[in-house]
Chemist: 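Provided herewith is a single structure, encoded as structure tokens, for subsequent inquiry.
Remember, it's 1-based here, ligands and their atoms both numbered in the order they're listed. Computed from a predicted model, the values in this text were never measured in an experiment.
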Amino acid sequence: MSVDERLVHDIVKKVMASMQLTGSVAGMHGVFKDMNDAINASIEAQKVVRNLTLDQREKIIAAIRRKTHENAEIIANMGVSETGMGNVGDKILKHKLTADKTPGTEDIKTIAWSGDRGLTLVEMGPFGVIGAITPATNPSETVICNSIGMIAGGNTVVFNPHPNAKKTTIYTINMINEASLEAGGPDNVAVTVEVPTMETSAIMMKHPQIPLLVATGGPGVVTAVLSSGKRAIGAGAGNPPAFVDNTADVRKAARDIVNGCTFDNNLPCIAEKEIVAMDSIADELMDYMISENGCYLASPEIQDKLVRTVINEKGALNRKCVGRDARTLLSMVGVSVGPEIRCIVFEGKKEHPLITTELMMPILGMVRVKTFDEGVETAVWLEHGNRHSAHIHSKNVDNITKYAKAIDTAILVKNGPSYAALGFGGEGYCTFTIASRTGEGLTSAQSFTKRRRCTMSDSLCIR
Ligand code: NAD
């Protein structure tokens, strides 16, 4: 460990310990014991934010970006240490990506018509106070990304985070409010409670002054917000297949797929979760994954042990395995490998539990198909109708088009690792809330605004 790494490690230990010892987080901005107090503080802050100029909002956002860079290492360490998931190096990259590529106020566009009868604008205004529920898998990334977009839109936000990531979330929310205060904005632009529970979540969801809910997580929470009777944005689960056809650059496909799959130990919902490969290139693909990309080929016996270890009797994921690296997962089934092993691979039927389940672990099962059409059908089946993310490696535009139409996902990466869709090695902006179920796709500031028409009759047209 270098001197710098040791310093970060010590800071993280101290922050986590101080939260543990006091049992409270006194002195942290935006953190309340009671959910109703948190919501009231957010309502007061929104009265200020909605009257800020766009330039003032941008100043707050710029401070959040800067502080995220400054704290990336600490928050990444906190996230891994609190949740036991992911890896610090990739989490640092995710925080920097969030800071750099989450859109701000520039994302909110005005539409205008002008003519003989005057001028009409559609301007995007704030909803007010937004209630956001965040996952354990990208806890701080989601909080930062949501906060930037929501504040850009003139809102404030109340978070009910995953209980397993509450300390990391509290640290992040404090940082966001410090940024706002430093930039001349109000305190409590983002708030939460010391102990988030289903009860605090219910208070937030039912509160009459919260008109919009944003849920990032599995199917349970998305269904909960969609049943709330309020407008809701639901960013739900995926199980993204990576399809490799017989025209692909197979060597590159192997590298891209393993890189995407192993990023932050497979925690991102968009990450490659299984492979569909055409028969004619399947052996070559597997060879490249093993010989050049640090993959361990699991025998049928090891696959069985993995199934029993990572999935419990009720068919649910063993939380101790989610977001763990390949080496740790293998050690849980009695296999010892070196640090060069990044991913576990095998070939199986599409119904194999390690293939059909959204594992969020660097385990990649490969399903072999005879024809392109069988591949499309298999990938669509494996995506389970989530309409979330899918990937393809192909040089044939007709094949790509056919696949894209059939799988109909919010994200489709062609000939690259999945994270290219988040603007990491690809064009476009970043988000950690991909609204697959409700159709907003990759959310950004404009997703958190409402359309307001403003008409001037018979004037202001100077054409
Ligand atoms: P999770 O569903 O266990 O928890 C997500 C959040 O929802 C947590 O804050 C949790 O406390 C809350 N929650 C769960 N059930 C709830 C209910 N019935 N009512 C109210 N709140 C509830 O998910 P997780 O393990 O934290 O995250 C992983 C899952 O989230 C994966 O399925 C992944 O695909 C998905 N995810 C999706 C996106 C996206 O942008 N679409 C992003 C990240 C994660």
Chemist: List ligand 1 atoms under 4.0 Å from P161, heavy atoms only on the residue side.
Modeler: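 Checking each atom against P161, I get 9 (O).
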Chemist: Counting each atom of ligand 1 from 1 as listed, which ones have a heavy atom of N138 under 4.0 Å away?
Modeler: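 Here the atoms of ligand 1 in question are 43 (C).
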Chemist: Quick one: look up the protein heavy atom nearest atom 26 (O) of ligand 1 and list residue, atom name and how far away it is.
Modeler: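 Checking every protein heavy atom, the shortest distance to atom 26 (O) of ligand 1 gives A136 N, 2.7 Å.
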Chemist: Less than 4.5 Å apart, any side-chain heavy atom of Y429 and any of S444?
Modeler: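 They are in contact (side-chain heavy atoms under 4.5 Å apart), so the answer is yes.
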Chemist: How does S201 reach ligand 1, if at all, at less than 4.0 Å between non-hydrogen atoms: by side chain, backbone, both, or neither?
Modeler: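 Answer for S201: side chain.
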Chemist: Does K252 come within less than 4.0 Å of D256, counting only side-chain N to carboxylate O?
Modeler: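 Yes, this pair counts.
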Chemist: So which of G217, G234, A271 gets nearest to atom 35 (C) of ligand 1, if we judge by its closest heavy atom?
Modeler: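 Going through G217, G234, A271 one by one, G217 has the nearest heavy atom to atom 35 (C) of ligand 1.
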Chemist: For ligand 1, which is the ligand I care about here, please tell me if A224 has any N or O atom under 3.5 Å from one of the ligand's N or O atoms.
Modeler: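 N/O-N/O distance below 3.5 Å does not exist for this pair.
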Chemist: What are the atoms of ligand 1, with element, lying closer than 4.0 Å to any heavy atom of M205?
Modeler: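 Counting from 1, the qualifying ligand atoms are 20 (C).
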Chemist: Quick one: nearest non-hydrogen protein atom to atom 16 (C) of ligand 1, plus distance?
Modeler: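 That would be M198 CE, 3.4 Å.
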Chemist: How does I133 reach ligand 1, if at all, at less than 4.0 Å between non-hydrogen atoms: by side chain, backbone, both, or neither?
Modeler: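 The part of I133 near ligand 1 is the side chain, not the backbone.
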Chemist: Distance to 0.1 Å, residue and atom name: give those for the protein heavy atom nearest to atom 38 (C) of ligand 1.
Modeler: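 That would be C269 SG, 3.2 Å.
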Chemist: Quick check on P163 - does any of its heavy atoms sit under 4.0 Å from an atom of ligand 1?
Modeler: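 Under 4.0 Å: yes for P163.
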Chemist: Look only at interatomic distance and state if H388 has a nitrogen or oxygen under 3.5 Å from any nitrogen or oxygen of ligand 1.
Modeler: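 Yes, since at least one N or O of H388 sits under 3.5 Å from an N or O of ligand 1.
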Chemist: For atom 21 (N) of ligand 1, which of the options N164, N160, T83, V221 provides the nearest non-hydrogen atom?
Modeler: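 The residue whose heavy atom sits nearest atom 21 (N) of ligand 1 is V221.
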Chemist: When you check the gap from the basic side-chain N to the acidic O, do K94 and E141 get nearer than 4.0 Å?
Modeler: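 Counted as a salt bridge, because a side-chain N and a carboxylate O are separated by less than 4.0 Å.
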Chemist: Specify the protein heavy atom at minimum distance from atom 3 (O) of ligand 1: its residue, its atom name, and the distance to 0.1 Å.
Modeler: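 For this ligand atom, the closest protein heavy atom is R319 NH2, 3.4 Å.
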Chemist: Regarding S418 and E272, do their side chains bring together a donor and an acceptor under 3.5 Å, going by distance alone?
Modeler: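 Looking only at side-chain atoms, E272 and S418 do form a donor-acceptor pair, the distance falling under 3.5 Å.
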Chemist: Out of M204, R437, E358, whose heavy atom is nearest to atom 31 (C) of ligand 1?
Modeler: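 It is E358 that holds the nearest heavy atom.
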